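I have placed the structure first, in the form of structure tokens, so that the comments after it can refer back to it.
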Amino acid sequence: MKQDRTIAQSLGAFAAGPVDADERMARFVRFSLYDWATVGLAGVDEPVSRASRTMALETATRPDGATVFGGGRTAAPAAALANGATSHALDYDDTHFGHIGHPSVAIMPAALAMTETRKADGATFLDALAVGLEIACRIGAWLGRPHYEAGFHQTGTSGAFGAAAAAGRVLGLDADRMAHALSLTATRAAGLKSQFGTMGKPLNAGFAAETGVTCALLAEVGAQSTPDAIEGSQGFGLTHAGIADESAFDTLGREWLFPGVSYKFHACCHGLHAMLEAVRALLAEGLNASDVEAVTIRTHPRWLAVCNQPEPQTGLQAKFSYRLTAAMALAGIDTAALDVYDDETCARPDLVALRDRVTVIADDSLSDSEAHVTVTTNASEERSAHHDILALTDIDVIEKRLREKSRTLIGEDEAAALWNAAEAIEGSSGFSTLIGRMGVTAPS
């Protein structure tokens, strides 16, 4: 980053400049678009989705506005808010551990709303996604984990900056106005972890998307902000417990951070996924639930305060339980399906018995993306597996798992239609297909 520029000015120049996404970045942008649309469709009937859609459509001011998941059109800021909340309603969207949040649910609704209302093309949309997703990751890394540990939800905070860049890219803002859009975002970006477990969590994603759109639109018509609104003495970073890690911007424009994104292949807390993948590996080697005498799960200590419900009684609690989800996986239950997380599953005698053979241990030698599982069999044999969810980098395997997830959530025909739309997004037909599919209610 050039020393004579503020962060907003440097990021603005990047966002307004040439987009040179390499093949891997381009692939992951499409993967995330497909995954985002899938979970948005699957979540259209969630209470927060219905509430945000009702609000958005009641404030509709133009019939040619932006499409909302579940049907209808409204003004771009309201559509971005509703679509952000809807796509995060199931908490089944992508996660970036460098960003420390969920980037797609903030950036994609903002870019989509702007692309549709300004009648931009699919290629512009993809460029906007690339710069928006990347900037969200860079700001997230600059703020660092202390920002998150202080109580801020980086999906809502870092995500808002990415949303502003994506919206501004579609609007064609020059570097100066893009910098003002990002600086204006600094005074509006928000999101608290205290909202976790309530509708406020997915709404944080919606608010980030709406903030990005609004700030980009204001910058387009000449609104200005202090240039150092991000890193200044009373800027966003210092007032929001950021660590100001300047190395976060060292490779900006030369390397892409976003392809480090991790996708959820289980409908539960991301902290459980490494463990579930390790169990999956043991099952693939021939382990059966009837063989299990005891299970030991080692995980990063951070997760014990997040997803270690020892005896869950409800479907929601089940999504945050190492012991029960391990038992579910060992018993052959598809943990990618939404409907298996219910009160009946929590009370099943065979699962409760298996759950009570599971011990969870904190291990600070593991990163927060790793888990180690050891199963002791009835024959006193030990079988172990280790998994790091960030180690999954094989493009073909990721595609296969994403398409399986989509079929599970919204059905084979709808999943195929979405995939085809994402693959053909540069052309008007692909973009139109994506928009058209958003108005469809996913199978129940």
Side-chain angles (χ1 to χ4, degrees), residues 91 95-102 140-141 143-155 192-194 196-197 201 241 243 260 262-283 287 289 292-331 335 341 346 351-377 380-392:
D91 213 340
T95 302
H96 199 288
F97 286 85
H99 170 289
I100 318 177
H102 306 273
L143 289 167
R145 185 162 289 280
H147 171 72
Y148 183 81
E149 298 296 347
F152 296 106
H153 184 200
Q154 270 162 263
T155 301
L192 298 176
K193 287 163 60 183
S194 61
F196 286 14
K201 184 177 191 284
I243 59 172
S262 179
Y263 298 104
K264 284 190 172 185
F265 300 122
H266 308 275
C268 54
C269 177
H270 220 149
L272 304 175
H273 287 214
M275 175 273 294
L276 288 169
E277 290 295 315
V279 171
R280 189 171 184 259
L282 291 173
L283 292 171
L287 180 69
V292 176
E293 177 66 26
V295 179
T296 301
I297 298 168
R298 295 184 178 275
T299 186
H300 190 282
R302 181 175 294 117
W303 293 117
L304 296 189
V306 178
C307 48
N308 192 32
Q309 292 268 0
E311 298 179 0
Q313 303 298 309
T314 68
L316 180 59
Q317 290 175 344
K319 293 185 175 186
F320 296 87
S321 173
Y322 275 107
R323 299 177 78 209
L324 185 68
T325 54
M328 291 164 64
L330 287 166
T335 52
Y341 298 88
C346 293
L351 292 178
V352 171
L354 194 52
R355 178 201 74 190
D356 289 345
R357 297 176 206 160
V358 179
T359 300
V360 184
I361 298 174
D363 185 343
D364 60 11
S365 72
L366 298 171
S367 73
D368 56 3
S369 62
E370 294 177 283
H372 189 88
V373 176
T374 300
V375 175
T376 303
T377 70
S380 298
E381 297 175 344
E382 284 196 353
R383 305 176 69 171
S384 297
H386 169 272
H387 189 83
D388 183 343
I389 57 176
L390 298 185
L392 178 55

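Computed from heavy atoms alone, side chains included, the values below leave out hydrogens, waters and symmetry copies. Computed from a predicted structure; not experimentally measured.
- Asp356 and Arg323 are joined by a salt bridge, as a carboxylate oxygen and a charged side-chain nitrogen come within less than 4.0 angstrom of each other.
- Here the shortest heavy-atom pairing between Val306 and Phe320 reads O-CD2, 3.5 Å.
- A heavy-atom distance below 4.5 Å is not found between the side chains of Thr335 and Cys268.
- No hydrogens or angles considered: nothing links the side chains of Thr155 and His102 as a donor-acceptor pair under 3.5 Å.
- To the nearest 0.5 Å, atom CD1 of residue Ile297 and atom CG of residue Asp363 are 13.0 Å apart.
- Judged purely by distance below 3.5 Å, without hydrogens or angles, the side chains of Thr374 and Thr296 never pair a donor atom with an acceptor atom.
- You'll find the side chain of Leu324 stays beyond 4.5 Å of the side chain of Gln309, heavy atoms only.
- Of the possible donor and acceptor atoms, one in the side chain of Thr377 sits under 3.5 Å from a partner among the backbone N and O of Glu381.
- Side chain of Gln313 to backbone of Glu311: a donor-acceptor contact under 3.5 angstrom is found.
- Atom OG in Ser369 sits 5.5 Å away from atom CD1 in Ile389 (nearest 0.5 Å).
- Residues Ala289 and Leu354 approach most closely at CB-CD2, 4.3 Å, considering heavy atoms.
- One side chain, Glu370 or His386, offers a donor N or O that lies under 3.5 Å from an acceptor on the other.
- Taking every heavy atom of both residues into account, Pro312 and Cys346 meet most closely at O-CB, 3.4 Å.
- Here the NE2 atom belonging to His270 is positioned 4.5 Å from the OG1 atom belonging to Thr95, to the nearest 0.5 angstrom.
- Between Asp364 and Arg298, none of the side-chain N atoms (NZ, or NE/NH1/NH2) sits under 4.0 Å from a carboxylate O, so this pair counts as no salt bridge.
- For the residue pair Ala326 and Val358, the shortest heavy atom distance occurs at CB-CG2, 4.5 Å.
- To the nearest 0.5 Å, atom CG of residue Asn308 and atom SG of residue Cys269 are 10.5 Å apart.
- When atom types are taken as modelled, the side chain of Tyr322 and the backbone of Met275 share no donor-acceptor pair closer than 3.5 angstrom.
- Considering only heavy atoms from C-beta on, Val360 comes within 4.5 Å of Thr299 through its side chain.
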*Are Val373 and Ser384 close enough, and set up right, to give a side-chain contact (heavy atoms from CB on, under 4.5 Å), and what steps lead you there?*
CA-CA 6 Å; Val373 176; Ser384 297; over 6 Å; no

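- With hydrogens and angles ignored, the 3.5 Å screen pairs no side-chain donor or acceptor of Glu382 with any backbone N or O of Val375.
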*Please step through side-chain contact (heavy atoms from CB on, under 4.5 Å) for the pair Arg302 and Arg145, ending with a clear verdict.*
CA-CA 12 Å; Arg302 181 175 294 117; Arg145 185 162 289 280; 3.2 Å; yes

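- Side-chain contact between Phe265 and Leu276 is absent, with no heavy-atom pair separated by less than 4.5 Å.
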*Might you work through the side-chain contact (heavy atoms from CB on, under 4.5 Å) test for Tyr341 and Met328, ending with a clear yes or no?*
CA-CA 10 Å; Tyr341 298 88; Met328 291 164 64; 3.9 Å; yes

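- The shortest heavy-atom contact between Leu366 and Ala371 is CD1-CA, 4.3 Å.
- Here the CZ atom belonging to Arg280 is positioned 13.5 Å from the CG atom belonging to Leu330, to the nearest 0.5 angstrom.
- One distance of note links CG of Leu316 with OG of Ser321; it measures 11.5 Å at 0.5 Å rounding.
- Taking the six-membered ring wherever Trp is involved, the centroid distance between the rings of His153 and Tyr148 does not fall below 6.0 Å.
- His266 pairs in a side-chain hydrogen bond (donor to acceptor under 3.5 Å, both in side chains) with only one of the listed residues (Glu277, His273, Lys319), which is Glu277.
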_side-chain contact (heavy atoms from CB on, under 4.5 Å) between His147 and Ile243, intermediate numbers included_ = CA-CA 7 Å; His147 171 72; Ile243 59 172; over 6 Å; no

